[in-house]
2 protein chains.
Amino acid sequence: MTRRTTLKDIARETGVHVSTVSRALDPQKRGSITEEVVDKIREAAERLDYRPNRIAFSLRKQKSMTIGVMIPDITNMIFPAIVRGIESVMEPLGYAAIIVNTDGNSDREKRLIETLQDRGVDGIIHTAVLRSAPNIVEVAHQGLPVVTLNRKVEEADIPYVINDEEAGIRQIFELLYQAGHRNIAHLSGPPDLSTGLLRQQAFLAVTADYGMARDDLVIEEADRFEEAEGRRCTQAILSRAPETTAVLCANDRLALGAIDHCTRTGVKCPADISITGFNDMAFLDLIPPGLTTVRIEQFEAGAQAARLLAKILDGHADQVPRETVLPVSLKIRNSVAVPRASKS
Amino acid sequence: MTRRTTLKDIARETGVHVSTVSRALDPQKRGSITEEVVDKIREAAERLDYRPNRIAFSLRKQKSMTIGVMIPDITNMIFPAIVRGIESVMEPLGYAAIIVNTDGNSDREKRLIETLQDRGVDGIIHTAVLRSAPNIVEVAHQGLPVVTLNRKVEEADIPYVINDEEAGIRQIFELLYQAGHRNIAHLSGPPDLSTGLLRQQAFLAVTADYGMARDDLVIEEADRFEEAEGRRCTQAILSRAPETTAVLCANDRLALGAIDHCTRTGVKCPADISITGFNDMAFLDLIPPGLTTVRIEQFEAGAQAARLLAKILDGHADQVPRETVLPVSLKIRNSVAVPRASKS
DNA sequence: GTGAAAGCGCTAACAC
DNA sequence: GTGTTAGCGCTTTCAC
């Protein structure tokens, strides 16, 4: 491999000192150098195809221009969009991202955080699903800039970006309610995942607002956000509460499982039962009957988290709000109808 | 931020020279140090929570322990699995990956390659879709280790990993043929994408083997791998060749578009027409009627490319084969049936 | 077996 | 306006 050209090479070539070359090539300090010298240096830099060595820069400046992005699992379809959102603001700023997958494993997460620190990342964007994330809190306390996504951090003063899960649940509940449903069950996500808990809490809040007694509520908690759990919980719901006319699911995959269970057992959606999702994942429109769901802005959430981190890295931590809540919107398709009883 | 402890700190603490500390902490050279000194140093390192500064290491060793991973777009569902495959072999080896999205844009790709070089990556895994990738060839010629995925590189001596697209097309063609289909159209992908071209070439090859005249073939090229193009091309195929009983599509999204077009126009799949896909993307099983397709091993492709790159980085480029072809398999669902004419 | 010194490529404080 | 010097944290050659 042919050695890359360094400042030293340009200095030798132009007959000036390395530091002069460094200054001439730095837009900030170019002013303090004679114009003709600058030109000479720039010409030589161009000719020798000079590219600054960012590793040397990093060592000297104690700034790697790299951030760490921690996600549970990139194959989970919501994260690629988040990653692109982050990239869309960080890349133009000159930052690269090291993306690591925690697999929701706390030990692994801890190791990965250390790896990121060893590599001198300037900050971390942590998109949690697990509710507890003690590791990242510790590192934030050490002074490393951290922004979390999808997760409120109560323990520490870490800025976080979340979707308005509460509003989403509320809106979709009201959609069902206004369609005439009164027996609305909740197919909840795992309560140890932040979205599972938040959405269940929102369900409790909105039902309370509508005067439903907590004891009358039908809530079934899935162990994982997967179709199989959606099927299992739907069966549980319908055998426990056959009067159920609508199932408000904590995410799309659970809802798809719910629909699948109903279809298999001869219960038609939406004719016999209304089912709703959350997230609005890709290809949902192609899956019958067309799931009515809540759309969340993944790309924008990533971009927003990145903007906050960038502000902190820029020394303006004071301008960064502790909480940022992103709006959600309803995506109405065909899985909600007037309940059977009301129809006749 | 509390400064991290360095070798110097440990040296001061233990009363030995930094170089001794460096040696004591290096498993390779530990042998040349008195055992008790090693213990003393290790104890101090532990106590002060020493973590080596990888940036300093990189500058000194001219080795960043970082690789670049270039993909067209992480939101394209096949890439997350590839990325995890790469990670699964590189992470245990101590390498981190910087993942960049080229968006199939050559200028952008060029810039990103420079960024990666500036950051001193030790190698690049390039998962192309575009057939032409002159930029990466140039960089490989400069001596940077490169492995490509999904793309044969004819021009240079770059090792590549590809799926056995030819076998996939052949198998699915034979499935259709043996079901009785003789009027099999090909809904091709864009020929400027490697998969589009390879699959079309495979289609030409297998039809030739089955004695079909090239002039009789019905091939429609999509501009993009998207549902809308699938719809458009299907319409074109059916109006041009109404006798078509099967459409062999270059990927799943085109096939979904094809099915959608047929459904809308009252042509039932598989009763009236058989349709096949390629890739076996997620959630395909939930979309009616269940697309029969070719399954390719994305995770393993990533892992394999990473293994090759690791071998090169380890100085064993000679052990790396130029070509690696990964097997594919049929995934049979419900979108293929005996053609109408044969049924009666 | 350990210390001293040099240097990876860069920036920055200080001279003049 | 430019050169000198020092140093970021580490590894490595060369002494002894």
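Throughout, protein chains are lettered first and strands after them, A, B, ... in sequence-line order, and every chain is numbered starting at 1.
- A salt bridge does not link Arg111(A) with Glu114(A): every distance from a Lys NZ or Arg NE/NH1/NH2 to an Asp or Glu carboxylate oxygen is 4.0 Å or more.
- Note: CZ (Phe57(A)) to C1' (dG9(D)) measures 17 Å, nearest angstrom.
- For dG7(D), neither phosphate oxygen OP1 nor OP2 lies less than 4.0 angstrom from any side-chain nitrogen or oxygen of Gln62(A).
- Summarising the geometry, the separation between CG on Leu59(B) and P on dC10(D) is reported as 12 Å, rounded to the nearest angstrom.
- Asp26(B) places its CG atom 8 Å from the P atom of dT12(D), with the value rounded to the nearest Å.
- Note on Thr6(A): only backbone sugar-phosphate atoms sit closer than 4.0 angstrom, heavy atoms only; bases stay farther off.
- For the pair Glu13(B) and Lys40(B), the salt-bridge criterion is not met [side-chain N within less than 4.0 Å of a carboxylate O].
- With no hydrogens or angles considered, a side-chain donor-acceptor pair links Gln117(A) and Gln142(A) at under 3.5 Å.
- Across the protein-nucleic acid pair, Lys29(A) atom NZ and dA12(C) atom C1' stand 6 Å apart, rounded to whole Å.
- Between the CD1 atom of Ile41(A) and the C1' atom of dG1(D) there is a distance of 11 Å, rounded to whole Å.
- The distance from atom NZ of Lys61(A) to atom P of dG9(C) is 19 Å, rounded to the nearest whole Å.
- For the pair Arg12(B) CZ and dG9(D) P, the computed distance is 11 Å after rounding to whole Å.
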Could you give the side-chain donor-acceptor pairs of residues 22-31 of chain A under 3.5 Å, partners two or more places apart or in another chain?
unit_1	atom_1	unit_2	atom_2	d
Arg23(A)	NH2	Ser19(A)	OG	3.2
Asp26(A)	OD1	Gln28(A)	N	2.8
Arg30(A)	NE	Ala24(A)	O	2.9

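- Side-chain contact, Thr5(B) with Asp49(B): no donor N or O sits under 3.5 Å from an acceptor N or O.
- Which of dT11(C), dC10(D), dC10(C) sits closest to the side chain of Ala56(A) comes down to dC10(C).
- Using a 4.0 Å cut-off between charged nitrogen and carboxylate oxygen, Arg307(B) and Asp314(B) do not count as a salt-bridge pair.
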Generate the contact string for nucleotides 1-6 of chain C. Rules: B means base contact, S means sugar-phosphate contact only, - means no protein heavy atom under 4.0 Å.
BBBB-B
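- Side-chain nitrogen and oxygen atoms of Tyr50(A) include none within less than 4.0 Å of the OP1 or OP2 phosphate oxygen of dG9(C).
- Using a 4.0 Å heavy-atom cutoff across all strands shown, Lys63(A) reaches no nucleic acid atom at all.
- The pair Arg51(B)-Asp118(A) counts as a salt bridge, with a side-chain nitrogen and a carboxylate oxygen less than 4.0 angstrom apart.
- For Lys8(A) and dC8(C), the shortest distance from a side-chain N or O to OP1 or OP2 is below 4.0 Å.
- Atoms CD1 (Ile55(A)) and C1' (dG7(C)) sit 15 Å apart, rounded to a whole Å.
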